Amino acid sequence: MTKVLLINGSPKPNGCTYTALNEMVKIFNNENIEAEILHIGNKDIRGCIACNRCKQEGKCVFDDIVNATAEKFEKADGLVIGSPVYYASPNGTLISFLDRLFYSTPFSKHMKVGASVVNCRRGGNTASFDVLNKYFSISGMPVVSSTYWNMTHGFTPDDVQKDKEGLQTMRNLARDMAFMINAIKDAKEKYGLPEQQREFITSFPDGK
Ligand SMILES: Cc1cc2nc3c(=O)[nH]c(=O)nc-3n(C[C@H](O)[C@H](O)[C@H](O)COP(=O)(O)O)c2cc1C
């Protein structure tokens, strides 16, 4: 069965970010897609220490919710990252989580589809949205779009319920995501995955 994993980066389990993500889940349920919202924002998640042990062990040296999520991410066809805006950025706990999740996981993310969703009271949403989309676009993951940038406004879930366009954007995003997942599944069968060359990792122009 097709699966989408939705990450709630907010410390609040049922806050504004959840309200936006849950609007997507309702569409996934109608489209027969298994959807799970994983709440990580209330966990004590430290940042990456660049020890690079994951390159040998295939998982993060800190055995917490990051490694548990890696198993779910590997099985998922799509990933949605939801974040509240803190000082015009995604919240810090979520960034620590994502740095370690994307850096430590050895499996291919190629053609899993990704979407990010941000909620703010007032501003800093597009800057946060840009940060989150970069996890996808360095990983060979097509980024799903909608009828507006994927954002809702509010300080409480009731506020978000009043943001009719924001919720509409979430519903359209989920429909587009379902379509892209299905289209990519068909295309994989018809054409196979495109080749990804990996032989070069250059940090300086002379290749050293
Ligand atoms: C530390 C902190 C920083 C915040 N910075 C911003 C900000 O830059 N712009 C903004 O509009 N709202 C800001 N807010 C409000 C949050 O974006 C808002 O409370 C949150 O998106 C609500 O979502 P949630 O219920 O899922 O946590 C901030 C809140 C906190 C706690």
Side-chain angles (χ1 to χ4, degrees), residues 3-30 33-48 64-66 68-70 72-73 76 78-102 113-137 141 143-178:
K3 284 185 191 154
V4 172
L5 183 63
L6 302 96
I7 307 292
N8 179 7
S10 167
K12 297 179 189 162
N14 299 309
C16 302
T17 309
Y18 169 84
T19 306
L21 294 176
N22 197 42
E23 196 71 10
M24 296 182 73
V25 169
K26 292 180 207 161
I27 299 292
F28 291 136
N29 289 342
N30 287 343
I33 289 178
E34 193 182 316
E36 181 188 1
I37 298 181
L38 197 66
H39 182 221
I40 64 98
N42 62 344
K43 303 283 188 302
D44 186 8
I45 302 173
R46 62 153 309 127
C48 176
D64 60 8
I65 192 159
V66 170
T69 305
K72 292 173 189 266
F73 184 17
L79 182 72
V80 181
I81 307 171
S83 182
V85 172
Y86 284 6
Y87 291 98
S89 284
N91 66 311
T93 305
L94 179 64
I95 291 288
S96 293
F97 172 86
L98 291 172
D99 284 354
R100 288 176 47 221
L101 179 71
F102 276 80
V113 301
S116 44
V117 167
V118 292
N119 180 84
C120 75
R121 188 188 70 80
R122 195 148 182 89
N125 40 17
T126 58
S128 308
F129 184 60
D130 290 346
V131 170
L132 295 176
N133 283 332
K134 287 181 180 119
Y135 290 93
F136 306 132
S137 52
M141 294 177 64
V143 179
V144 189
S145 62
S146 183
T147 37
Y148 199 85
W149 298 308
N150 311 331
M151 55 185 65
T152 51
H153 282 269
F155 197 61
T156 67
D158 282 350
D159 297 336
V160 176
Q161 290 299 348
K162 290 180 201 146
D163 180 7
K164 299 286 177 210
E165 186 175 355
L167 292 176
Q168 173 180 265
T169 303
M170 295 306 128
R171 295 192 294 275
N172 288 332
L173 178 64
R175 288 188 195 100
D176 284 359
M177 194 164 198

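Model, not experiment: these values are computed from the prediction. Atoms considered below: every heavy atom in the structure, side chains included; atoms not considered: hydrogens, waters and symmetry mates. Atoms within each ligand, like the ligands themselves, are counted from 1 in listed order.
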Evaluate side-chain contact (heavy atoms from CB on, under 4.5 Å) for Arg100 paired with Asp64, printing each intermediate quantity in order. CA-CA 11 Å; Arg100 288 176 47 221; Asp64 60 8; 2.9 Å; yes
Does Val117 reach the side chain of Met24, with side-chain heavy atoms less than 4.5 Å apart? yes
Determine whether the aromatic ring centres of residues Phe102 and Phe73 are separated by less than 6.0 angstrom. yes
Within the 4.0 Å heavy-atom sphere of ligand 1, strictly under, residues: Ser10, Lys12, Gly15, Cys16, Thr17, Pro84, Val85, Tyr86, Tyr87, Ala88, Asn119, Cys120, Arg121, Arg122, Gly123, Phe155
Is it the case that Thr152 and Asn119 place a side-chain donor and acceptor less than 3.5 Å from each other? yes
For Tyr18, does the OH atom have more than 12 heavy-atom neighbours from other residues, nucleotides or ligands under 6.0 Å away? no
Would you say CD of Glu165 has more than 12 non-hydrogen atoms from neighbouring residues, nucleotides or ligands within 6.0 angstrom? no
